[in-house]
Amino acid sequence: ARTIARRLDRAPELAAELGEAWFRWWPQALARTRALVQAGPVTADTLPAALVARYVAEDGRHKLDILPAEPLATADARRGFVDAVLAAAPDAAGNVVQTVRAADLVARAMVEATLYALAGVTLVVTLVLRRPRDVAAVLGAVLLAAALTVGAMAVFGLAFNFANVIVLPLLLGVGVDAAIHVVVRHREAAGATRVDATSTPRAVFASALTTIASFGTLMLSPHAGTASMGLLLTLAVIASLVSVLVVLPVWLERRTPS
């Protein structure tokens with residue numbers, strides 16, 4: 001009873017505190033509402049200076065936002081939109097333009113990296129083997145592995161992207177290394193023993209398995225680009241094995257001795 005009596009005695013005080021808490025910001029809210037109701041024409045002079053500076057340069061030029069008529073969900077749609085905009089305004093810029101230009105830059109850089117890797121690999125193979133026919137056999141095996149990899153990508157519905165495109169130079173290095181071992185062992189055998197009957201193919205196969213085991217784990221990544229890189233690396237190493245351990249030994253045995 002005493003507790004109830006004390007609460008009843010403080011009822012006016014509690015009501016005042018509650019009213020203050022509820023209506024403390026009422027005057028400000030009411031003032032903003034009145035201002036919105038009485039809004040007039042909006043001009044550059046009535047807008048905040050920071051907002052105006054985002055769209056009007058100091059020399060008086062105005063920023064123009066161009067929106068696409070269709071969603072830019074695919075690379076072809078983005079490229080078409082950028083080409084159409086740049087045809088009318090060559091100095092246009094923005095996120096879509098940066099994305100398309102960055103994609104072009106990455107693609108060009110990877111083509112250059114692949115060509116440099118191919119040139120470097122050709123030089124190394126030439127210095128190591130010193131026989132044009134052996135050099136041609138090694139490079140042919142690598143190019144065949146590349147063709148098999150691209151074919152496997154079509155079967156698995158895999159496309160090149162910013163993450164997995166790095167596989168191209170790596171494919172050259174992995175394929176050439178294995179092919180050199182096979183060619184050198186063929187030389188040492190001098191026709192007395194078939195290459196596929198020696199321990200070299202088994203060593204190349206075991207080395208490739210370790211590569212697949214290390215790179216293949218990338219397929220478990222939740223990141224789509226990283227997972228595609230792991231799959232493509234695995235396909236590339238398997239293609240290299242087929243080219244180096246199946247096709248190359250047959251070619252070395254069937255060709256005319258050099």
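All residue numbers in this chain count up from 1 along the given sequence.
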### Message
Before you tell me yes or no, could you show the steps for Thr200 and His186 under side-chain contact (heavy atoms from CB on, under 4.5 Å), namely the whole-Å CA-CA distance, both residues' side-chain angles and the distance that decides it to 0.1 Å?
### Response
CA-CA 10 Å; Thr200 299; His186 175 74; over 6 Å; no

### Message
Does Val121 form a side-chain contact (heavy atoms from CB on, under 4.5 Å) with Val142? I'd like the steps, not just the answer.
### Response
CA-CA 10 Å; Val121 162; Val142 172; 5.6 Å; no

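Proximity of a side-chain donor or acceptor of Thr211 to a complementary backbone N or O of Ser207 within less than 3.5 Å is detected. Looking only at distances, a side-chain donor or acceptor of Ser214 sits under 3.5 Å from a matching main-chain atom of Thr210.
In terms of heavy atoms, Thr149 sits closest to Ala239 at OG1-CB, 3.4 Å. Across Ser243 and Ala141, no two heavy atoms sit closer than the pair OG-O, 2.6 Å. Shortest non-hydrogen contact noted between Gly230 and Leu218 is CA-CB, 3.6 Å. When every heavy atom of Leu241 is checked against every heavy atom of Ala208, the shortest pair comes out as CD2-CB, 3.4 Å. Closest heavy-atom contact between Asp59 and Arg61: OD2-NE, 2.9 Å. Nearest heavy atoms, Val184 versus Leu129: CG2-CD2, 3.9 Å.
Put simply, CZ on Arg187 and CG on Leu252 are 10.5 Å apart, with the number rounded to the nearest 0.5 Å. Atom CD1 of residue Ile212 and atom OG1 of residue Thr217 lie 12.0 Å apart, to the nearest 0.5 angstrom. Atom CG of Asp134 is separated from atom OG1 of Thr126 by 10.5 Å, given to the nearest 0.5 angstrom.
Residues Thr198 and Pro201 form a side-chain contact, since some pair of their non-hydrogen atoms from C-beta on lies under 4.5 Å apart. For the pair Thr234/Met219, a side-chain contact is recorded, criterion being any heavy-atom separation below 4.5 Å from C-beta on. Two residues are said to be in side-chain contact when any heavy atoms from C-beta on lie closer than 4.5 Å; Phe81 and Ile66 meet this criterion. Contact annotation: the side chain of Val100 never approaches that of Asp83 to less than 4.5 Å [non-hydrogen atoms, C-beta and beyond]. Looking at Asp65 and Tyr55, their side chains come closer than 4.5 Å, going by heavy atoms from C-beta outward. With contacts defined as side-chain heavy-atom distances shorter than 4.5 Å, the pair Thr74/Arg79 does not qualify. For the pair Ser228/Leu158, a side-chain contact is recorded, criterion being any heavy-atom separation below 4.5 Å from C-beta on. With contacts defined as side-chain heavy-atom distances shorter than 4.5 Å, the pair Val183/Arg131 does not qualify.
Both Met153 and Val106 are part of a single hydrophobic cluster, where members link through side-chain heavy atoms under 4.5 Å apart. No single ILVMFWY cluster, assembled from side-chain heavy atoms under 4.5 Å apart, contains both Leu209 and Leu148. Side-chain heavy atoms closer than 4.5 Å link hydrophobic residues (I, L, V, M, F, W, Y) into clusters, and following such links, possibly through other members, connects Val155 to Leu235. Under the 4.5 Å side-chain heavy-atom criterion for ILVMFWY residues, a single connected hydrophobic cluster contains both Val128 and Leu118. A continuous path of Ile, Leu, Val, Met, Phe, Trp and Tyr side chains, each step under 4.5 Å between heavy atoms, connects Leu248 with Leu245, placing both in one hydrophobic cluster.
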Atom pairs and distances, donor-acceptor, side-chain atoms in residues 174-182, under 3.5 Å, two or more places apart:
none

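Arg101 and Asp104 are joined by a salt bridge, as a carboxylate oxygen and a charged side-chain nitrogen come within less than 4.0 angstrom of each other.
The local environment of CD in Glu70 is sparse, with at most 12 non-hydrogen atoms from other residues, nucleotides or ligands closer than 6.0 Å.
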